[in-house]
Enquirer: 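Can you keep this structure in mind? I'll have questions shortly.
All heavy atoms count here, side chains included; hydrogens, waters and symmetry mates do not. Bear in mind the structure is a predicted one, so any value in this text is a computation, not a measurement. Position 1 is the first residue of the sequence, and the numbers go up from there.
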Amino acid sequence: MELHHGLPRQSPGSDATTRRLLSLCGPLPQRPRVLDLGCGPGRSALLLAAEAGGAGLAEVTAVDLHEPFLAELRAAAAARGLAGRVEGVRADMGALPYADGSFDLVWAEGSAYCIGFDRALAEWRRLLAPGGRLVLSECEWTAADPSAGARAFWDPRFPLRSTARNTAAAQAAGYRVLGTLLQPDSDWARYYGPLGERVRAAPPATTEAARAALAETREEISVRERYGHEYGYRGYVLAPVRAGDGDHRPVRPETPADAGAVRAVNLAAFDTPVEADLVDALRADASWLPGLSYVAEGPDGSVAAHALLTRCAVDGAPALALAPVAVDPALQRSGAGSAVVRAVLAAARERGESLVLVLGHPAYYPRFGFVPASLFGIRAPFEVPDEAMMALVLDDSVPVPSGTIGYPAPFGIG
């Protein structure tokens, strides 16, 4: 760590990138509670204290295991008049002592790799208060087919994944992706520039550990110079998908007695009987999956909304199609539609399904975690705006297939 003491950054980054990621979070409380994990000397922590929430009132808990970095942070905070709102804490990001719901923003720029991206997603979610945001960055392949030289360096040290794989991991962990940002080359220069100067000026190492550290750093910088166009850091801005998110509509699987009411809701919700007829046809088709047709009840117990998942495929690999989703026009914007979609997606996850596809409004479905299907190389069998064909990964342990969607016969496609 001596090699890194006094450097402005401990990973690729910039104030501009921190601000851009912060802007992707959307509105935060005026006095947000921020947890900065793996804060290093605190460049991001100080900026978040000054700017998160927009009023300069953020309270930042900055965590690191290396006490000298925390000392640098405390001194810098005091110099900027932020000592009362920036607390440096020596703690392990993999064993945090904080209660559930303690923070409005959990931040980890260039540090989540210390415990692993997937573990960070799983363990830090509980820390977020309602409406909270998780921001973390991960080094990943930007080339579709990374070269042998790049893989020779990264595979033994820290196997990189693609954006699609990391997005799938976030979805499967119960987050919706609010935005991502591939950090520019200039962020790497701000890190490797000062670090490279220090390596070049370093006296001959006197211990085996010091020699190994210098050699590893030189190789890391050299690999970036040769293969930097094949990998990069991407920041992910995430929000947990919560079961209710404020709506408390009773939801349940459809029963045989609901068939008439389900048809009535679909007839009322759409201008033509196409969707209602589709549901009836799917019930008689092999693509129908018992337990994946859900209804939400209205105040009087009647069927207020309906959501259906049936079997489809992506180049032969099994997936689910979410269609149709219908809400009684009298109860639109009541939360019934969101409640029934969340319920049927939860049911699919519980039965071990891995992928859901939907053709729908791009301003509506991302709240459930959906992202453009093209991110995974999935395409519709007909012309459709890219942002309207969406995918949600429920289980990222199953490889996400790529290719063309094959719909059941009742859809009348192909």
Side-chain angles (χ1 to χ4, degrees), residues 1-21 36-44 47 64 66 69 72 93 107-118 120 135-167 169 179-205 208-237:
M1 300 301 290
E2 292 295 330
L3 195 61
H4 292 260
H5 286 170
L7 295 179
R9 292 190 174 274
Q10 302 305 315
S11 66
S14 63
D15 289 351
T17 289
T18 300
R19 288 190 175 99
R20 178 60 180 147
L21 290 170
D36 185 8
L37 296 170
C39 65
R43 188 69 175 254
S44 295
L47 189 150
D64 205 283
H66 194 54
F69 285 159
E72 288 183 48
M93 68 170 68
W107 196 275
E109 264 189 89
S111 61
Y113 76 92
C114 293
I115 65 170
F117 189 73
D118 293 350
V135 177
L136 70 173
S137 58
E138 180 77 341
C139 194
E140 60 186 31
W141 295 121
T142 56
D145 186 19
S147 65
R151 284 196 175 278
F153 177 80
W154 283 109
D155 287 355
R157 294 168 171 81
F158 184 79
L160 305 186
R161 304 191 299 198
S162 65
T163 302
R165 285 290 308 280
N166 286 328
T167 298
T180 72
L181 176 67
L182 180 63
Q183 296 181 217
D185 289 341
S186 57
D187 280 10
W188 291 80
R190 285 185 173 89
Y191 172 51
Y192 281 145
L195 181 60
E197 290 177 8
R198 180 160 295 182
V199 169
R200 288 188 291 273
E208 187 59 37
R211 283 191 289 272
L214 284 169
E216 178 73 9
T217 302
R218 290 190 184 102
E219 184 177 7
E220 184 180 330
I221 294 172
S222 175
V223 166
R224 181 65 192 179
E225 291 172 349
R226 287 178 287 162
Y227 303 110
H229 59 288
E230 298 185 34
Y231 63 90
Y233 258 104
R234 183 176 294 276
Y236 288 80
V237 180

Enquirer: Could you give the distance from OG (Ser111) to CD (Glu138), rounded to the nearest 0.5 Å?
Expert: 10.0 Å

Enquirer: Please collect all salt bridge (charged side-chain N to carboxylate O under 4.0 Å, His left out) contacts where either partner lies in residues 140-151, sequence neighbours excluded, each pair once.
Expert: Glu140-Arg234, Arg151-Asp155

Enquirer: Do Thr217 and Glu220 touch side chain to side chain, with heavy atoms closer than 4.5 Å?
Expert: no

Enquirer: Parallel, tilted or perpendicular, judged at 30° and 60°: which one describes the rings of Tyr192 and Trp188?
Expert: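 Ring orientation of Tyr192 relative to Trp188: tilted.
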
Enquirer: I'd like to check Arg190 versus Ser186 (side-chain heavy atoms, cut-off strictly below 4.5 Å). Are they in contact?
Expert: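 Yes, their side chains come closer than 4.5 Å.
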
Enquirer: Just how far is it from atom CG of Leu7 to atom CD of Glu72, taken to the nearest 0.5 Å?
Expert: 8.5 Å

Enquirer: Minimum heavy-atom separation for Ser137 to Ala112, with atom names?
Expert: O-CB, 4.2 Å

Enquirer: What distance separates Glu109 CD from Leu37 CG, expressed to the nearest 0.5 Å?
Expert: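 It is 12.0 Å, given to the nearest 0.5 Å.
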
Enquirer: Before accepting this row, confirm whether a basic side-chain N of the pair Arg9/Asp15 lies closer than 4.0 Å to the acidic partner's carboxylate O.
Expert: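 Yes, charged N to carboxylate O under 4.0 Å.
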
Enquirer: If you look at every heavy atom in Pro194 and Ala189, which pair is closest and at what distance?
Expert: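 So the minimum-distance heavy-atom pair works out to CD-O, 3.9 Å.
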
Enquirer: What's the shortest heavy-atom distance between Cys139 and Phe158, and which atoms?
Expert: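 What the structure gives for the nearest pair is O-CE2, 4.2 Å.
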
Enquirer: Just verifying a value: how many Å separate Ser222 OG and Tyr227 OH, rounded to the nearest 0.5 Å?
Expert: 8.5 Å

Enquirer: Is the closest basic N to carboxylate O distance between Glu219 and Arg157 below 4.0 Å?
Expert: yes

Enquirer: Looking at Gln183 and Thr17, would you say the former's side chain and the latter's main chain have a donor-acceptor pair under 3.5 Å?
Expert: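 Such a contact is absent between Gln183 side chain and Thr17 backbone.
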
Enquirer: With no hydrogens and no angle check, is any side-chain donor or acceptor of Thr142 less than 3.5 Å from a backbone partner on His229?
Expert: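 Yes, Thr142 side chain to His229 backbone: donor-acceptor pair under 3.5 Å.
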
Enquirer: Is a donor on one side and an acceptor on the other found under 3.5 Å between the side chain of Tyr231 and the backbone of Arg224?
Expert: yes

Enquirer: Identify the two heavy atoms, one from Arg161 and one from Phe117, that lie closest to each other, and give their separation to 0.1 Å.
Expert: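 Smallest heavy-atom distance, with atoms named: NH2-CD2, 3.4 Å.
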
Enquirer: Within a reach of under 6.0 Å around CZ of Arg165, are more than 12 heavy atoms found that belong to other residues, nucleotides or ligands?
Expert: no

Enquirer: What are the two closest non-hydrogen atoms of Asp118 and Ala169, and how far apart are they?
Expert: OD1-CB, 3.4 Å

Enquirer: Quick one: does any side-chain atom of Asp187 pair with a main-chain N or O of Pro12 as donor and acceptor, under 3.5 Å?
Expert: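 It does not hold such a pair.
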
Enquirer: Measure the shortest side-chain to side-chain distance between Ser44 and Leu47 over non-hydrogen atoms and say whether it is less than 4.5 angstrom.
Expert: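 In short, these two side chains do not touch, never coming nearer than 4.5 Å.
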
Enquirer: What are the two closest non-hydrogen atoms of Leu214 and Ala202, and how far apart are they?
Expert: CD2-CB, 4.0 Å

Enquirer: Please evaluate residues Tyr236 and Thr163 with respect to the criterion side chain to side chain contact (heavy atoms under 4.5 Å, CB included), reporting the C-alpha separation (whole Å), side-chain torsions for both, the decisive distance (0.1 Å), and the verdict.
Expert: CA-CA 10 Å; Tyr236 288 80; Thr163 302; 3.6 Å; yes

Enquirer: For the atom pair CG (Leu21) and CH2 (Trp107), what is the distance rounded to the nearest 0.5 Å?
Expert: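 Spacing of CG (Leu21) from CH2 (Trp107) equals 5.0 Å.
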
Enquirer: Would you please name every residue forming a ring pair (Phe, Tyr, Trp, His ring centres under 6.0 Å) with Tyr113, sequence neighbours left out?
Expert: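 Once residues adjacent in sequence are excluded, Tyr113 has no partner under the ring pair (Phe, Tyr, Trp, His ring centres under 6.0 Å) criterion.
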
